[in-house]
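If you read the sequence from its start, that first residue is 1, and numbering goes on from there. Just so it is clear, the values below take in all heavy atoms, side chains as well, and ignore hydrogens, waters and symmetry mates.
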Amino acid sequence: MHNIIRNLASILPDELVFGESFRYAKDLNKRFLEVSDKADFVYSFQEEKLKKLTALGGKSAYYSRIGVNSLSFKEIPFIDRNTILNNSQEMIISRKGADYVTTGGTSGKPLGFY
């Protein structure tokens, strides 16, 4: 059975075998290679992702209280381990599709978060 699946996968296009994330990365790479101003492409891509990330964060109780949606990215305060420990429930927007991960604990007690 394993050989049948391997043989079938070898004749299918990579985009189908590896899924949506692969297609996205391949398309992104194609667009990057086609532009003449690579630095501007990277800057625009990063800016777009940061805007989406801050908009998502702004939906949490913690960042709503801070008013993150009215701040520029540079104005958003840094958080540390204690901030996460003390406000973890306020930082969660949804657990749907999230993984619970922990740090290795090399600097003390492991920190768990979604």
Side-chain angles (χ1 to χ4, degrees):
M1 182 67 157
H2 183 71
N3 286 337
I4 293 170
I5 294 171
R6 184 183 315 173
N7 290 337
L8 180 60
S10 70
I11 63 172
L12 293 172
D14 288 345
E15 290 81 0
L16 184 61
V17 174
F18 297 115
E20 185 178 345
S21 294
F22 178 83
R23 288 189 300 271
Y24 174 77
K26 188 173 179 178
D27 178 62
L28 182 63
N29 183 57
K30 180 182 176 202
R31 288 186 286 136
F32 174 77
L33 294 174
E34 289 173 350
V35 298
S36 58
D37 189 345
K38 307 275 192 245
D40 183 59
F41 182 88
V42 171
Y43 177 82
S44 296
F45 177 81
Q46 290 173 332
E47 185 177 44
E48 173 192 335
K49 293 300 177 184
L50 285 172
K51 283 180 183 178
K52 286 182 180 180
L53 186 60
T54 55
L56 179 63
K59 293 179 181 179
S60 74
Y62 176 79
Y63 284 109
S64 288
R65 186 167 31 93
I66 292 173
V68 73
N69 289 329
S70 63
L71 301 174
S72 73
F73 184 73
K74 291 179 180 180
E75 295 173 315
I76 297 172
F78 280 99
I79 61 171
D80 60 14
R81 164 189 202 87
N82 290 328
T83 306
I84 295 171
L85 285 170
N86 296 332
N87 301 284
S88 62
Q89 293 305 308
E90 286 188 319
M91 292 180 166
I92 297 171
I93 299 167
S94 170
R95 288 189 175 102
K96 183 179 179 181
D99 293 322
Y100 184 77
V101 296
T102 61
T103 63
T106 55
S107 63
K109 182 180 175 187
L111 172 65
F113 54 92
Y114 288 92

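- Nearest heavy atom pair, residue T54 against residue N69, reads O-OD1, 3.6 Å.
- Checked against side-chain hydrogen bond (donor to acceptor under 3.5 Å, both in side chains), Q89 has the following partners two or more places apart in sequence or in another chain: R95.
- Side-chain contact between I93 and L56 is present, with heavy atoms from C-beta onward closer than 4.5 Å.
- Every residue was checked against the salt bridge (Lys or Arg N to Asp or Glu O under 4.0 Å) condition with D14, not counting sequence neighbours, and none meets it.
- When the ring pair (Phe, Tyr, Trp, His ring centres under 6.0 Å) test is applied to F41, the partners found at least two apart in sequence or on another chain are F32.
- Scanning both residues, P110 and G104, for their nearest heavy atoms gives CG-O, 4.4 Å.
- R23 meets the side-chain hydrogen bond (donor to acceptor under 3.5 Å, both in side chains) test with no other residue; sequence neighbours excluded.
- L28 is listed as a side-chain neighbour of R31, based on a closest heavy-atom distance under 4.5 Å.
- Hydrophobic clustering (ILVMFWY, side-chain heavy atoms < 4.5 Å, transitive): Y62 and L53 are in distinct clusters.
- Contact between G112 and T102 at its shortest, heavy atoms only, is CA-CG2, 3.7 Å.
- The ring pair (Phe, Tyr, Trp, His ring centres under 6.0 Å) test applied to F45 returns no partner, not counting sequence neighbours.
- Using a 4.5 Å heavy-atom cutoff, the side chains of I79 and N87 are not in contact.
- For NZ of K38, the number of neighbouring non-hydrogen atoms (other residues, nucleotides, ligands) closer than 6.0 Å is greater than 12.
- For residues 60-71, the salt bridge (charged side-chain N to carboxylate O under 4.0 Å, His left out) pairs, not counting sequence neighbours, are R65-E90.
- Taking E75 as the reference, nothing meets the salt bridge (Lys or Arg N to Asp or Glu O under 4.0 Å) condition, with sequence neighbours excluded.
- Remark: Y24 engages K49 in a side-chain hydrogen bond (donor to acceptor under 3.5 Å, both in side chains) (not counting sequence neighbours).
- Here the CG-NZ distance, from L50 to K74, works out to 11.5 Å after rounding to the nearest 0.5 Å.
- Pairs engaging residues 89-114 under the ring pair (Phe, Tyr, Trp, His ring centres under 6.0 Å) rule: Y100-Y114 [sequence neighbours left out].
- Counting only residues at least two apart or in different chains, salt bridge (charged side-chain N to carboxylate O under 4.0 Å, His left out) contacts with residues 96-108 are absent.
- Grouping Ile, Leu, Val, Met, Phe, Trp and Tyr residues whose side-chain heavy atoms lie under 4.5 Å apart, directly or via other members, leaves Y43 alone, with no other cluster members.
- Distance alone, capped at 3.5 Å, is enough to place a donor-acceptor pair between the S64 side chain and the G58 backbone.
- When every heavy atom of G57 is checked against every heavy atom of V68, the shortest pair comes out as C-CG1, 4.3 Å.
- Atoms CD and CG, on E34 and N29 in that order, are 9.5 Å from each other to the nearest 0.5 Å.
- Contacts of N82 classified as side-chain contact (heavy atoms from CB on, under 4.5 Å), with partners at least two apart in sequence or in another chain: D80, L85, N86.
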